[in-house]
Structures are given as structure tokens and as C-alpha cells.
2 protein chains.
Amino acid sequence: MARKQGSHSDITGPRVQDTALRLIARHGYAAVSMRQIAAEVGVQAGALYNYTPDKQTLLFDLMRAHMQEVLDALAAADLRGDPPARLDGFTRFHIRFHLPRPDQVFVSYMELRNLAPENFAILESMRRDYETALEDILRDGVAAGVFAVPDTRIATMAIIAMLTGLSHWYREGGRLGMDAIEEIYCNLVQKSVRR
Amino acid sequence: MARKQGSHSDITGPRVQDTALRLIARHGYAAVSMRQIAAEVGVQAGALYNYTPDKQTLLFDLMRAHMQEVLDALAAADLRGDPPARLDGFTRFHIRFHLPRPDQVFVSYMELRNLAPENFAILESMRRDYETALEDILRDGVAAGVFAVPDTRIATMAIIAMLTGLSHWYREGGRLGMDAIEEIYCNLVQKSVRR
DNA sequence: GTCTATATTTGGATAGAC
DNA sequence: GTCTATCCAAATATAGAC
């Protein structure tokens, strides 16, 4: 076996994405070379350009795909109930979606500054949509008199920072499983905004 | 004026640090070249090596200096009182210290993965000391029965993530001043751990 | 679709003159 | 302490054979 040449677009395409994501998450976009990605995929550097016009687009496609998945999954979650129930739902959704995807979270958070301006604007807009989903819950809760937050925008940013931070230190197989983590964060988040 | 050569170590030294910090915060360590730093300082690239043995040490010195300042300032703050008062004190200390230093926060947070392993270990240890200061407050509060947190370690990480996240989006001259921000975060933090 | 080979640029770091 | 000049390695991206 072990062909040295031939067509493998079905296998190579996803492998390029997966490898790039993992390497960029570990070392950073600027520190990872196309040669390094190619070597881990098992092709020569030139072959990568069958799958992306350039390195910048490769990064952007990774980040946009992740944010699109987040937004689609959130829409599919279809949170219902009173504001506290929806807040619990959002918290659990965030944790369940993001904890199994630490590399995507890391890249989407750390590499924003390496995006070309037009690409940055697109990602920022998608990120803002996600934040708005949480802020809507908080605002409804305040209107209903069940939440007491001095400023819904700041509470939104604070809660998302708390949740995103979790992805930066949580490692599978640690002291606590995902279910236990979920309970603890629901408790912290819920209390921080309740009357 | 405008000498093209001569000794300027008093001026150039700090300028190298300041410029490197600003550029790395904006573009990332791997994306910033020594030539770029030199150009902004106003010297040739070779001259930088009078101030640092190499690029890695330049990064490490920036990060270590920042963490040392944090720890020194926290020790000087000398928080006293019951656990809720100390928690408020910690929250206000964090905000007052970090909000005026967005570049340091950004670099210390984002560039950990670009440190050589031995340098990483040193920074991690200093960071852990800072986290422990908060966890001690939470543990005392739980022991005294004034705080109710399911897990002090996780609550510590959650609160620090919330506070650090603030530095990532807060910009001077925005809708809210630092004092207003302080009040809002004290409220969120305090409620999240109270019985 | 992949390979080999390469054009071109840019990077960190050093040597020696002033 | 800074400059000029340079070494050497590594980067992105492309061209053409298979």
C-alpha cells in the first residue's frame, strides 16, 4: 500500500481542517506553518492549496464554521419557559456544546485579531447574535421582576466570559464530570442575576 | 537634532518594552517581528539585542513583570474584614488594577502558549498564587456560613474568568466609567456566592 | 489531486565599524 | 549603544510534471 501519489479529496479535505484546527489551537495561527499542517496531514505543502486559496481563508473558514454551528445548535435548542428556566437552558446549552470542542473555542477566541478586517467583521456579528440570545433572556427576566441586574449588557458579557473561561481550563477526565460542572455553573449563573 | 547614532539606553530600554507590549497585544507574539518592534522604537533591529538576549526572553520578561506587579499590588492591598468585605475588596482590586492595563492583561492571557516550557511553569505558578488569594476568601466564607458555593475551586475560576473577561471588552470612554463597572461586578460576584 | 522544485519574501540573530 | 551588512533558516505561494 502506502501510495505516494493519487487522489484523496474525500479524506484529505476534512483532514486539512481537523489538523489545522488542532495545530492552531495549540500553537497559534501565526506560529503554525502550512508545511507543518501538510506534514501532519501527510501531504506536501503545495497540496493544501487544493483545499484553500490561502492560509487566511483556512483560518476564517474554521472560525466561521464553528460560529455557524453554535448559532444553528442554539436555534435548534429552542429554549422555552420562564426566564429562569431559559437561563438554565442557555447555561446548559453553552456547556454541553462547547466543552466537547475545546479547540474550536480556543481558536475562535484567540485568533480574532489574526483575521482580515472584513472577516473579523463577519465573526463579530455572529458572536453578537449569540450574546443577544442571552441578553434577551436577562431583559425578559428583569421585565418580569424575577431577575435583578443593574445592567443587562454587562451581565451578559460577564456570564459569557464565565462560561467561555470554563473551556479554557476544563479537561476531560478531571475531578468533575460535565454533569457536575453544569450543575455548579447553573447555580452560580442563576444566583448572580436573581433578585 | 535627530541624531542617527549614539547612546540612549535610558530611553530605548523602556521604549523597547512598551513597544513590544503594545505590538504583541495587538498582533500576537508570533506575528510581530523584531524588525517591526525596532522600527517603532526608532532603531535598527540589531540594536534590540542590547536589551534582550532573544525574542522569547523579551516576551517572558513582559509577562513576568506584569504578574509580579499584580502579586505585589495585591499583597499591598492587604484585604481585611469578613469574607464578604474581602470578596468586595478583591473584586475592586482586580478591576482597578487591570482595567488601566489592557495590553498587559491581553498578553499575559493570550501568549502563555508561546512561552518556553520552563517560562510557562513560572508564570503558571504566579497565576496560581493569585487564584489562591481568591479561593481563600471563598473558603473562609463557606466555613463562616456566609457563602454557599458547591465548589470553591470552580467558583474561583468562574469569578476570575468573569473579571478577566471584562478587560477584553471594556474600553475607556465607553458607556460606563470604572466606578460604575466596579459596582456592577461587585453585585454580580457577591450574589453568585452568597447563601 | 499530489508531487517536486522553486521563486520570493521575511524571519531571528550575529559581526564588526563607529 | 547603534548602525550597516549579512548569514542562515523558514515562510507563503506558484508552476509544471505525473
Side-chain angles (χ1 to χ4, degrees), chain A residues 1-24 26-63 107 111 113-116 119, chain B residues 1-24 26-63 107 111 113-119:
Chain A
M1 306 297 284
R3 296 193 297 176
K4 284 295 168 66
Q5 273 184 247
S7 294
H8 302 277
S9 78
D10 332 357
I11 333 177
T12 305
R15 275 181 59 80
V16 170
Q17 302 279 326
D18 293 350
T19 304
L21 178 68
R22 183 166 39 81
L23 288 177
I24 292 173
R26 189 158 311 173
H27 306 290
Y29 170 74
V32 172
S33 70
M34 296 295 271
R35 280 180 175 81
Q36 203 176 339
I37 296 168
E40 294 234 356
V41 170
V43 297
Q44 293 299 314
L48 295 181
Y49 292 87
N50 290 313
Y51 301 95
T52 182
D54 49 43
K55 194 186 174 189
Q56 164 70 206
T57 305
L58 177 57
L59 173 65
F60 175 59
D61 286 345
L62 289 174
M63 296 175 71
V107 169
E111 306 297 351
R113 63 186 165 180
N114 287 309
L115 288 174
N119 293 340
Chain B
M1 305 300 285
R3 296 194 296 176
K4 282 296 169 66
Q5 272 184 249
S7 296
H8 302 277
S9 78
D10 333 358
I11 335 176
T12 306
R15 276 181 58 80
V16 170
Q17 302 280 327
D18 294 348
T19 303
L21 178 69
R22 182 166 40 81
L23 288 177
I24 292 172
R26 188 158 312 173
H27 306 291
Y29 170 74
V32 173
S33 70
M34 295 296 271
R35 282 177 173 83
Q36 201 177 341
I37 296 169
E40 293 236 356
V41 170
V43 297
Q44 292 298 317
L48 294 181
Y49 291 87
N50 290 313
Y51 301 94
T52 182
D54 49 43
K55 193 186 175 189
Q56 165 72 204
T57 305
L58 177 57
L59 173 65
F60 176 58
D61 286 345
L62 289 174
M63 295 176 71
V107 170
E111 305 297 350
R113 62 185 166 181
N114 288 309
L115 288 174
E118 64 273 22
N119 293 339

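Per chain, numbering begins at 1; letters A, B, ... match sequence-line order.
- Listed candidates were D:dG1, D:dA13, C:dT2. Nearest to the side chain of B:Ser7 is D:dG1.
- With D:dT2, C:dG12, D:dT4 as the choices, the nucleotide that has an atom nearest any side-chain atom of B:Gln44 turns out to be D:dT4.
- Between B:Leu59 atom CG and C:dG12 atom P the separation is 13 Å, expressed in whole Å.
- At whole-Å resolution of the value, CG in A:Leu48 and P in D:dA15 are 17 Å apart.
- Ranking D:dG1, C:dA13, D:dC3 by closeness to the B:Lys55 side chain, first place goes to C:dA13.
- The two residues A:Ala30 and B:Ala30 come nearest to each other via the heavy atoms CB-CB, 3.7 Å.
- For A:Tyr51, the side-chain atoms get nearest to C:dG1 when compared with the rest of C:dG1, C:dA13, D:dC3.
- Rounded to whole Å, atom P of C:dG12 lies 10 Å from atom CD1 of B:Ile24.
- In this structure, A:Thr12 does not reach the C:dG1 phosphate: none of its side-chain N or O atoms is under 4.0 Å from OP1 or OP2.
- Classification of A:Glu40 and A:Arg15 as a salt-bridged pair fails, no side-chain N sitting under 4.0 Å from a carboxylate O.
- For the pair B:Asp54 CG and C:dA13 P, the interatomic distance rounds to 5 Å; values are reported in whole Å.
- Among the atoms of the strands shown, only primed sugar atoms or phosphate atoms (P, OP1, OP2) are found under 4.0 Å from some heavy atom of A:Val32.
- Rounded to an integer number of Å, the gap from OH of B:Tyr49 to P of D:dT6 is 19 Å.
- The distance from atom NE2 of A:His8 to atom P of D:dC18 is 19 Å, rounded to the nearest whole Å.
- Checked against D:dC3, C:dG12, D:dG1, the side chain of B:Asn50 finds its nearest nucleotide in D:dG1.
- For A:Ala47, counting side-chain heavy atoms from C-beta on, the closest listed nucleotide (C:dT14, D:dA11, C:dT2) is C:dT2.
- A pairwise comparison of heavy atoms in B:Gln56 and B:Asn114 identifies NE2-O, 3.0 Å as the closest pair.
- The shortest heavy-atom contact between A:Lys55 and A:Tyr29 is NZ-O, 3.0 Å.
- B:Leu58 places its CG atom 13 Å from the C1' atom of C:dG12, with the value rounded to the nearest Å.
- What separates CD of A:Gln56 from P of D:dA13 is a distance of 10 Å, to the nearest Å.
- Nearest nucleotide to the side chain of B:Arg35, out of C:dT2, D:dA11, D:dT6: D:dT6.
- Residues B:Glu111 and A:Arg113 come closest through the heavy atom pair OE2-NH2, 3.0 Å.
- Nearest nucleotide to the side chain of A:Ser33, out of D:dA11, C:dG12, D:dT2: D:dA11.
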